[in-house]
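What you see is a predicted model; the values in this text were computed from it and never measured. The chains referred to below are lettered A, B, ... by the order of the sequence lines, with proteins before strands, and numbering in each begins at 1.
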Number of protein chains: 2
Amino acid sequence: MYINRVSHYLPSQVIGNEYFTELNNLSSEWIVERTGIHERRKAGPDENTNTMAIEAVRILLETIPYSKNEIDLIVGATYTPYDTIVSLAHAVQHYVQLPDIPVLSVSSACSSLLNAIEIVEGYFAMGKATKAIVVVADHNTAYYNERDTVSGHLWGDGASAMVISKERQTESDLHIRALITGGAATSGKAIEAVVLRPNERGVVMPYGRDVFQNACTYMPKVSQQVLQRCGLTIDDIDYLIPHQANHRISLNVIGTLGIPESKLISNIQRLGNTGCAGCAIALSEHFDRFEKGQRIVFTVFGGGYSYGAMLVEV
Amino acid sequence: MYINRVSHYLPSQVIGNEYFTELNNLSSEWIVERTGIHERRKAGPDENTNTMAIEAVRILLETIPYSKNEIDLIVGATYTPYDTIVSLAHAVQHYVQLPDIPVLSVSSACSSLLNAIEIVEGYFAMGKATKAIVVVADHNTAYYNERDTVSGHLWGDGASAMVISKERQTESDLHIRALITGGAATSGKAIEAVVLRPNERGVVMPYGRDVFQNACTYMPKVSQQVLQRCGLTIDDIDYLIPHQANHRISLNVIGTLGIPESKLISNIQRLGNTGCAGCAIALSEHFDRFEKGQRIVFTVFGGGYSYGAMLVEV
């Protein structure tokens, strides 16, 4: 299957580290040293997961190489739902006005982009769809505690959307050569390390060190697995786009894999942790940079725990 | 694919209509006349979506006809999440201690059971799984407003789990012959009629009449479609298990389809609307009643809107 086009939407409000210096007495240097984050975006009072998802799809539809009426599947992903019943996928279906196609939303925390794409792969394999919108959005600031000195400064808001087709549509399509997802709820402090309980405290990360260690283990491992599945090695890839959780995790991952920093694509410095949208926003930001024959590995890790990797080739 | 076994879990606390008579001055007769509901279950203070899901799976595993270690996929569904990051599927993965298999949770409101099964169908079609746990749970009382005189008395809590295999495992397996799901976010007041916004008011149903009308349109229509896909007619089915939203909706659906009430399986009278678990609980309650060759149609409708139907044969 093929990623035909990608878009992203970011709220306009920029929150610099000085905001958390004033609020929580955390210096910008300390935040940058520990996370790589300089600033992040915050959704406005009239924005939410669904409106950001719709904005990303609105931008996407301006560029798709076929009629939107050919789209026969919508898969959304978020762990910060505006509405758990009228999910972001349903909001997008209403926006695009395509009745009677399968529509669903998934959550596997920050890994959800790859779970959503794997669901699409399944619909294609069943012959139940041929062209899908995948839309990912996280509205972390709707659930975070900005006074939480452990994780309050990590989170940003954003959305991304892509169209994926079973058959190649254009020369610039990204061919998805392999995709692996997995749950790791049996590892470490998986079921308590990062939680978002809407009726309790919102998103909190009581065991950040366990998250860090597991992310730094799983992302290199599954990246290698996805390459092996294609008979390739780490030297065959041009770029790595990891989940944007923490720049130190990303540097650790490329260190383990033996990839130079020039091959690492990051946006956490400007956007913070935008949840399951982070990787997809990074792809959208760099889409025009990729050249024929280049290979990109995506790798994700999230609460739950959950992980995955995907190899694409231009 | 085949449903091998099904289980369900219900919290022990029973809430009769007299509770809502006292609270909201709604007579039991009025509630029964308008909804069919006599009583419903309410999760205890230490229970939630994840604990109910685990209980259903614990019961399920006592009866499955193969080793739990053969399970290679877990799909959860809920619109009333305890934790949107450590989802019910992840909680179940931790409980069953099966590392490194795909794990994800989905939400398409009260239709989610069929979306979850269709995701499993996709994993089977891709060759990425052969045996799956599907676990559905809704903890409506965690999000409802019991003083809401429009919908407060509708909701119950419960969970169900099933194992589904690509190949037949036992003589009593239910063969899934066809499955259709769809989003209907373009219909009526779809995106505002039933909403659950965790940061706002919880689950509310401002346009119950629109829900009623669309449910009574979509469920018969998609039931007919799933039969047509198998070259069957309504006379070929032995039972109908509709989403347990309102007994009047169920009666309307069988009226439209021309099915006698003896073929209708319901539990709403005892359990209220248990969300996406309702149909699956009903299947579990009646699993031993089905005889070789009998056919059962499931049909669902939920907020968003969303709908689906599935034909199984013993």
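Side-chain N or O atoms of A/Asp83 include none that pairs as donor or acceptor with a backbone N or O of B/Val195 at under 3.5 Å. Between the side chain of A/Thr186 and the backbone N or O of B/Gln93 there is no donor-acceptor pair closer than 3.5 Å.
For the pair B/Tyr218 and A/Asp100, the minimum side-chain heavy-atom distance is below 4.5 Å. With contacts defined as side-chain heavy-atom distances shorter than 4.5 Å, the pair A/Val203/B/Ile85 qualifies.
Using a 4.5 Å cut-off between heavy atoms, A/Tyr307 touches chain B through its side chain atoms alone. When heavy atoms are compared at a cutoff of 4.5 Å, B/Ile74 does not approach chain A at all. Only the side chain of A/Glu200 comes within less than 4.5 Å of a heavy atom of chain B; its backbone N, CA, C and O stay farther away. Contact annotation for A/Leu73: neither backbone nor side-chain heavy atoms come within less than 4.5 Å of a heavy atom of chain B. For A/Ala190, the part lying near chain B is the backbone, with the side chain staying farther off; criterion is any non-hydrogen pair under 4.5 Å.
Ranked by heavy-atom pairs under 4.5 Å with chain B, the list A/Gly202, A/Ser107, A/Gly182 is led by A/Ser107. Among A/Glu192, A/Gln97, A/Lys128, the residue with the largest count of heavy-atom pairs under 4.5 Å with chain B is A/Lys128.
Contact between A/Pro198 and B/Tyr82 at its shortest, heavy atoms only, is CD-O, 3.5 Å. Contact record, A/Tyr79 with B/Thr84: O-OG1, 2.6 Å, taken as the closest heavy-atom pair.
Atoms CG and CG, from A/Leu104 and B/Leu114 in turn, are 12.0 Å apart once rounded to the nearest 0.5 Å. Atoms OG and CD1, on B/Ser87 and A/Ile191 in that order, are 11.5 Å from each other to the nearest 0.5 Å.
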